[in-house]
Amino acid sequence: METGVRSDVRRDVRRGPEIWLRGPVATPEGRPPEPVLGAGGSPLHSFVGAHGGAGTSTLARVYGGHDCGRDWPGPTAPRSVLLVARTHASGLSAALHTLELFRRGEAPPGLGLDAVVLVADAPGRLPRPLAQRIKVIDSAIDVHRVPWVPAWRLGDLTGTPPRETEALVRLTGAAGRSR
């Protein structure tokens, strides 16, 4: 019987963003990139973005760690993940989606989710519905909030991390780290 569906198309493949389905990305030919080291000289965490523009590059430079962008950590990156998202509605939804992947055991094997890092999407207080969504995330895992930093928006990552992020500084070993 002719169904009009190609027989070589796999039907058991899950649909969704490619990033979360493909697992670790192979390193291009040549030497693997050196992981970013924490204050103690060893890699501590991989910053993984729940969505584009979450702030993984900035956080990796300020706090130390490996910037994975939106990819899962590769073979040379630390297996300890800090999931990064912005505090706008779509950022929080993306963080909840990724938390659910970890809860269901669908994240690549060997990864450990240590915390969620939420980066302010704008200066000022959050609207109540967004604050309530953060409470939901916080009920499942440790949440570290990073406030709006105007200097970071301009590319100035010098200076010390914001005072409100002391717990994140301790977690990442960024204390005393020079940038």
Side-chain angles (χ1 to χ4, degrees), residues 17 19-20 25 33-74 76-99 101-102 111-138 140-179:
I19 175 178
W20 300 119
V25 178
E34 294 293 322
V36 178
L37 303 178
S42 61
L44 298 174
H45 295 93
S46 289
F47 288 96
V48 175
H51 57 87
T56 58
S57 298
T58 298
L59 294 177
R61 289 207 35 218
V62 171
Y63 296 96
H66 184 78
D67 175 14
C68 292
R70 290 182 58 207
D71 295 325
W72 292 117
T76 62
R79 309 309 286 164
S80 176
V81 171
L82 295 176
L83 180 65
V84 182
R86 293 284 179 169
T87 56
H88 49 61
S90 59
L92 296 175
S93 292
L96 285 165
H97 172 74
T98 307
L99 279 174
L101 290 177
F102 273 95
L111 293 183
L113 181 60
D114 280 0
V116 172
V117 181
L118 297 176
V119 180
D121 67 310
R125 294 177 60 105
L126 281 175
R128 183 173 295 199
L130 298 179
Q132 289 170 335
R133 288 179 107 176
I134 290 173
K135 284 183 182 178
V136 170
I137 296 170
D138 195 34
I141 192 164
D142 289 338
V143 171
H144 296 275
R145 302 271 305 270
V146 177
W148 180 261
V149 181
W152 291 0
R153 189 174 193 203
L154 297 171
D156 180 7
L157 303 181
T158 60
T160 59
R163 190 173 25 141
E164 301 91 335
T165 65
E166 256 182 48
L168 182 58
V169 167
R170 284 191 304 274
L171 177 65
T172 60
R177 194 171 143 353
S178 63
R179 282 179 263 144

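Atoms considered below: every heavy atom in the structure, side chains included; atoms not considered: hydrogens, waters and symmetry mates. These numbers come from a predicted model, not from an experiment.
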**Student:** List the atom of Pro73, the atom of Arg79, and the distance in Å for their closest heavy-atom pair.
**Tutor:**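 Heavy-atom minimum between the residues: O-NH1, 3.4 Å.
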**Student:** Using only atom types and a distance under 3.5 Å, with no angle test, would you say the side chain of Ser46 pairs donor to acceptor with the backbone of Pro78?
**Tutor:** yes
**Student:** Would you compute the distance between atom CG of Leu111 and atom CZ of Phe102 and round it to the nearest 0.5 angstrom?
**Tutor:**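 Here the rounded value is 5.5 Å.
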**Student:** To check you understand the geometry: which heavy-atom pair defines the closest contact between Leu83 and Gly49, and what is its length?
**Tutor:**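 Residues Leu83 and Gly49, closest heavy atoms: CD1-C, 4.4 Å.
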**Student:** Please find the pair of heavy atoms, one from His45 and one from Ser80, that lie closest to each other, and give the distance.
**Tutor:**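 Smallest interatomic distance, heavy atoms only, reads CD2-OG, 3.0 Å.
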**Student:** Over 60° means perpendicular and under 30° means parallel, so tell me whether His88 and His51 are parallel, tilted or perpendicular.
**Tutor:**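 His88 vs His51 ring planes: tilted.
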**Student:** Of Thr87, Leu118, Leu92, which is the lone residue that meets side chain to side chain contact (heavy atoms under 4.5 Å, CB included) with Leu130?
**Tutor:** Leu92
**Student:** Other residues, nucleotides and ligands only: do more than 12 of their heavy atoms fall within 6.0 Å of CD on Glu164?
**Tutor:** yes
**Student:** Let me confirm one number: the CG-OG1 distance from Asp114 to Thr172, rounded to the nearest 0.5 Å.
**Tutor:** 11.0 Å
**Student:** Mind checking the CG-OG1 spacing from Leu82 to Thr56? Nearest 0.5 Å is all I need.
**Tutor:**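 Between atom CG of Leu82 and atom OG1 of Thr56 there are 11.5 Å.
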**Student:** Distance check, rounded to the nearest 0.5 Å: Arg153 atom CZ versus Thr58 atom OG1?
**Tutor:** 12.5 Å
**Student:** Stepwise, does the side-chain contact (heavy atoms from CB on, under 4.5 Å) test hold for Val136 with Gln132?
**Tutor:** CA-CA 7 Å; Val136 170; Gln132 289 170 335; over 6 Å; no
**Student:** What are the two closest non-hydrogen atoms of Leu171 and Ala115, and how far apart are they?
**Tutor:**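 The pair with the smallest heavy-atom distance is CD2-CB, 4.3 Å.
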**Student:** Of all heavy-atom pairs between Ile141 and Leu99, which one has the smallest distance, and what is that distance?
**Tutor:**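 That closest heavy-atom pairing would be CG2-CD2, 3.8 Å.
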**Student:** Pairing donors with acceptors under 3.5 angstrom, does anything connect the side chains of Arg133 and Ser93?
**Tutor:**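 Looking only at side-chain atoms, Ser93 and Arg133 do form a donor-acceptor pair, the distance falling under 3.5 Å.
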**Student:** Is any side-chain heavy atom of Asp156 closer than 4.5 Å to one of Val149?
**Tutor:** no
**Student:** Is there a side-chain contact between Trp152 and Val146 in this structure, where contact means two heavy atoms from C-beta onward sitting under 4.5 Å apart?
**Tutor:**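 Yes, side chains in contact.
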**Student:** How many angstroms lie between NE2 in His144 and CG in Asp138, if you round to the nearest 0.5 Å?
**Tutor:** 9.5 Å
**Student:** Between Tyr63 and Pro162, which heavy-atom pair has the shortest distance, and what is it?
**Tutor:**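 So the minimum-distance heavy-atom pair works out to OH-CD, 3.6 Å.
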**Student:** What is the distance from atom CZ of Arg163 to atom OG1 of Thr165, rounded to the nearest 0.5 Å?
**Tutor:**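 Atom-to-atom, Arg163:CZ and Thr165:OG1 are 10.5 Å apart.
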